[in-house]
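Remember, it's 1-based here, ligands and their atoms both numbered in the order they're listed. Since the structure is predicted, the reported quantities are computational estimates derived from the model, not experimental observations.
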Amino acid sequence: MNRRIRLHRVALRYGATPILDGVDLDVASGEFVVVVGASGSGKTSLLRLAAGFVAADAGDVRLDDAPITGPGAERAVVFQDDALFPWLDVRDNVAFPLRLRGDARDARRAAADAQLSAVGLDGYGSRRLWQLSGGQRQRVGLARALIVKPAFVLMDEPFAALDALTRAQMQVALLQVWSQHRQGVLFITHDIDEALLLATKLVVLAGKPSRVSETIELDYARRVLAGTPVRDVRADPAFQQLRERVLDRLFDAAASPGAAP
Ligand SMILES: Nc1ncnc2c1ncn2[C@@H]1O[C@H](COP(=O)(O)OP(=O)(O)O)[C@@H](O)[C@H]1O
Ligand SMILES: [Mg+2]
């Protein structure tokens with residue numbers, strides 16, 4: 001089924017400080033939408049709006065045609081600090097949403113093992129979290145998000161704490177998982193290269209308060225999925241030019257009159 005999260009003319013402020021103003025953003029099934037913006041530009045706030053953790057001060061946030069008034073099982077959220085439960089093994093962490101839902105033990109264990117293998121952690125079910133690397137823990141977090149077969153996955157800088165090599169591996173692993181199920185993805189990052197590589201639709205957030213400064217359709221993710229090595233993709237002159245263009249957007253916004261220091 002084709003589904004859509006839509007933010008329309010959204011404004012958000014904390015106290016008297018406006019953070020977002022007039023933000024339009026669409027995430028449909030099968031789209032990999034990446035929001036890139038400077039630190040403090042309101043990226044996490046945007047994700048929290050889509051997740052239903054906070055309400056907009058103006059405009060509207062909808063899932064299909066209904067206003068989003070809170071979190072929902074069709075929108076899974078993955079955070080940077082993975083928020084896993086250290087007292088549970090890997091399998092039970094992944095199966096946790098199914099336990100909440102009341103699934104039988106054998107069914108949820110089988111589902112967890114299948115999901116672990118889908119994220120490249122075949123056979124890790126009985127491990128403890130402290131036996132895993134940072135990248136593996138992120139895979140566990142991803143598996144736990146995906147196990148309820150969400151229509152949307154909302155990810156807030158999920159790879160920011162990983163070393164460069166692990167991060168690159170996780171980016172490709174995420175694209176592979178997404179290509180199989182074609183969820184709608186809303187992925188937040190301040191890393192322009194990561195944004196360009198993953199996005200089918202790149203949304204540049206800039207200004208004070210932030211608004212959508214540019215939306216760019218991209219196909220680097222599809223090229224990576226088709227087997228083009230990531231380093232070849234990054235070396236493409238068009239990729240380099242796009243990186244400069246996005247950087248300019250972010251810097252222009254920072255330098256514009258009225259921008260906070
Ligand atoms: N709950 C909150 N209360 C007050 N200010 C907040 C809150 N959350 C975020 N902020 C502020 O709003 C701005 C945007 O934050 P955030 O959405 O986390 O940006 P980003 O994720 O792009 O770094 C920052 O200046 C931050 O300090
Ligand atoms: Mg943030």
Problem - Distance (rounded to the nearest 0.5 Å) between Leu116 CG and Leu142 CG - result: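 One gets 10.5 Å once the value is rounded to the nearest 0.5 Å.
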Practice task
Tell me yes or no: between the side chains of Gln240 and Arg243, is some donor less than 3.5 Å from an acceptor?
Solution key: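 On atom types as modelled, these side chains qualify, holding a pair under 3.5 Å.
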Handout entry: Arg105 CZ: over 12 foreign heavy atoms closer than 6.0 Å
Key =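 It does not: Arg105 CZ has 12 such atoms or fewer within range.
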Practice task
May I ask whether Ala38 places a heavy atom under 4.0 Å from ligand 1?
Solution key: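 Yes.
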Quick test: of every protein heavy atom, which one is nearest to [atom], and how far off is it to 0.1 Å?
atom	value
atom 19 (O) of ligand 1	Gly42 N, 3.1 Å
atom 15 (O) of ligand 1	Ser45 OG, 4.0 Å
atom 1 (N) of ligand 1	Tyr14 CE2, 3.8 Å
atom 18 (O) of ligand 1	Thr44 CB, 3.5 Å

Exercise for the section: Using a 4.5 Å cut-off on heavy atoms from C-beta on, say whether the side chain of Arg223 contacts that of Asp236. Expected result: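 In short, these two side chains touch, coming nearer than 4.5 Å.
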Practice task
Without swapping roles, check the side chain of Gln138 against the backbone of Pro158 for a donor-acceptor pair under 3.5 Å.
Solution key: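 It does hold such a pair.
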Exercise for the section: Examine distances only and state if a side-chain atom of Asp89 and a backbone atom of Arg128 form a donor-acceptor pair shorter than 3.5 Å. Expected result: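 Pair absent, no side-chain N/O of Asp89 close to backbone of Arg128.
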Problem - Flag: protein heavy atom within less than 4.0 Å of atom 27 (O) of ligand 1 - result: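 No.
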Handout entry: Protein non-hydrogen atom below 4.0 angstrom of atom 13 (C) of ligand 1 present
Key =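 Answer yes: something from the protein, a heavy atom, is under 4.0 Å.
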Handout entry: Sub-3.5 Å N/O-N/O distance, Ile19 and ligand 1
Key =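 N/O-N/O distance under 3.5 Å: no.
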Exercise for the section: Look at Asp21 together with Arg211 and state whether they make a salt bridge at an N to O cut-off of under 4.0 Å. Expected result: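 Answer for the salt bridge query: no.
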Problem - Side-chain ion pair, Asp26 and Arg4, N-O less than 4.0 Å - result: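 Yes, this pair counts.
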Problem - Option whose closest heavy atom lies nearest to atom 24 (C) of ligand 1, chosen from Pro18, Gly15, Gly40, Gly37 - result: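 Comparing heavy atoms across Pro18, Gly15, Gly40, Gly37, the nearest one to atom 24 (C) of ligand 1 lies in Gly40.
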Exercise for the section: Considering the heavy atoms of Ser39, write down every atom of ligand 1 situated less than 4.0 Å from one of them. Expected result: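 Those atoms are 23 (O).
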Handout entry: N, O or S atom of Thr44 closer to the Mg ion (ligand 2) than 2.8 Å
Key =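 Checking Thr44: at least one N, O or S atom is under 2.8 Å.
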